[in-house]
Amino acid sequence: MTTQPRLVLGIETSCDETGVALYGDNGLLADTLHSQVAMHAEYGGVVPELASRDHVRKLIPLIERCFADANIQANDLSGVAYTSGPGLVGALFAGVSVARSLAYAWNIPSIGVHHMEGHLLAPMLESNPPNFPFVALLVSGGHTQLIKVSAIGDYELLGESLDDAAGEAFDKTAKLLNLGYPGGPALAACAEKGDPNRFTFPRPMTNRPGLDFSFSGLKTFALTTSQKNELDEQTRADIARAFEDAVADTLAIKCKRSLIQTGLSTLVVAGGVSANKHLRITLNNMGKELGTEIFYPRHDFCTDNGAMIAYAGYQRLLAGEHDKLSIQARPRWPLSELNTPQRN
Ligand code: KG4
Ligand code: ZN
């Protein structure tokens, strides 16, 4: 066993945020982020080629900023962690290439991290982290999943979306209401002015057993409602509110079902949509009723960030895992294929 303190550089480039952070034996030492939102906004969504190029431009300056913030140098590092999937393949490759090259030059190990493992471990960065086992609700732009988490790497998929992810449904509904990109926060802001009693949207797949989701119908419901009514500002807000209520209720119903089914009393909610205030209120009410303790990441760590990748990479490197010589980016990667790291 080495007594030298461990410190891991984490790099996240799976989509439209470049995240870099340092996590080690003394916790989170630095965390920087560059969001590409302004660059993609004029196209109404993420343009993959622009995303890749921007990651390449921003990574080294962000790494330098992290080193300066934490007052460390490359030889203080014991490893480099990066997101190796799932995500946009060009964006992933930008992170993989920089991370692997730096690790090679610095003669330290590197480790590819599963992006969704990063999200689900993000609450571990808080001062009151959850204990295993727990149920995790992962709600991001690409995934909506309920997972039984017994330990790091021990993931049992309980249910998932059969079509659009929750974040994707937020983004598409925001687009059809002309609320712009990124859709989730824009729709949430618009919904605050909405009347919850004007429209009622369905709670898809809640009146049959099982833990899978389907959100694409809600977007269609929003479209037909917007076509049947004059789309003034109030109507837009009322539709946004009805949509948000339906997503929040549906997620809460399925979370409750999964907690009862597994007999667990701890719920972790992570991924971009976990930043949604209304969802948190709805889930907290469900948690109170059931006696469930609910853990969320801090607001900035709900969406993509380097800290969650540094944390997950630190845990896996600590257990002696590291990359083989080949370089791999995995645009598709089931979370259930991961293993639990074995500490020596
Ligand atoms: O986790 P994330 O940053 O990236 C992925 O891994 O996909 O999640 C991004 C998603 C987007 O769909 C975005 O619209 C949604 O999270 N999102 C929100 C909110 N903030 C981000 N959805 C609803 N309410 C929010 N406040
Ligand atoms: Zn994400």
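Indexing begins at 1, ligand by ligand and atom by atom, following the structure's order.
Both the backbone and the side chain of D304 come within 4.0 Å of ligand 1, judged by heavy-atom distances. Using a 4.0 Å cut-off between heavy atoms, K277 makes no contact with ligand 1 at all. At a heavy-atom distance under 4.0 Å, no atom of H143 approaches ligand 1.
Atoms of ligand 1 found under 4.0 Å from any heavy atom of H115, numbered from 1 in the order shown, are 6 (O). The H119 neighbourhood of ligand 1 comprises atoms 1 (O), 6 (O), with distances under 4.0 Å to a heavy atom of that residue. For ligand 1, the atoms lying closer than 4.0 Å to a non-hydrogen atom of T303 are 3 (O), 21 (C). Using a 4.0 Å cut-off to heavy atoms of G167, the atoms of ligand 1 that qualify are 12 (O). Residue contact check: G142 has heavy atoms under 4.0 Å from atoms 7 (O) of ligand 1.
A side-chain N or O of N284 and one of Y296 form a donor-acceptor pair less than 3.5 Å apart. A donor-acceptor contact closer than 3.5 angstrom links the side chains of D232 and T235. Donor-acceptor pairing under 3.5 Å is recorded for the side chains of S14 and E12. In this model, no donor atom of one side chain and acceptor atom of the other lie less than 3.5 Å apart for D164 and S216. Of the N and O atoms on the side chains of R100 and S110, at least one donor lies less than 3.5 Å from an acceptor on the other residue. Side-chain contact annotation: Q234 with D238, donor-acceptor N/O pair under 3.5 Å present.
Any N or O atom pair closer than 3.5 Å counts here, and G184 shares at least one such pair with ligand 1. Here's the thing with G272: one of its N/O atoms is less than 3.5 angstrom from an N/O atom of ligand 1. Polar contact check, G141 against ligand 1: a nitrogen or oxygen pair lies under 3.5 Å apart.
Counting heavy-atom neighbours within 6.0 Å of E337 CD, excluding the residue itself, gives a total above 12. R198 CZ: more than 12 foreign heavy atoms inside a 6.0 Å radius. No more than 12 heavy atoms of other residues, nucleotides or ligands sit less than 6.0 Å from atom CG of N107.
Around the Zn ion (ligand 2), protein N, O or S atoms at a distance under 2.8 Å total 3; waters are neither shown nor counted.
What sits closest to atom 24 (N) of ligand 1 on the protein, heavy atoms only, is N276 ND2, 3.0 Å. In this structure, atom 13 (C) of ligand 1 lies nearest to the protein heavy atom D171 OD1, 3.7 Å.
Hydrophobic cluster membership is shared by M116 and Y314, with clusters built from Ile, Leu, Val, Met, Phe, Trp and Tyr side chains linked at under 4.5 angstrom.
Ligand 1 lies nowhere less than 4.0 angstrom from a heavy atom belonging to C15. Residue-ligand proximity: E17 is placed with every non-hydrogen atom at 4.0 Å or more from ligand 1. The shortest separation from a heavy atom of P182 to ligand 1 is not under 4.0 Å, leaving the residue out of contact.
Ring planes of F213 and F215: parallel class, angle under 30° (limits at 30 and 60°).
The side-chain hydrogen bond (donor to acceptor under 3.5 Å, both in side chains) test applied to D16 returns Y181, not counting sequence neighbours.
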For this session: Might you work through the salt bridge (charged side-chain N to carboxylate O under 4.0 Å, His left out) test for R241 and E192, ending with a clear yes or no?
Result: CA-CA 7 Å; R241 179 63 200 260; E192 279 186 28; over 6 Å; no

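The distance from atom CD1 of I72 to atom CG of L22, rounded to the nearest 0.5 Å, is 4.5 Å.
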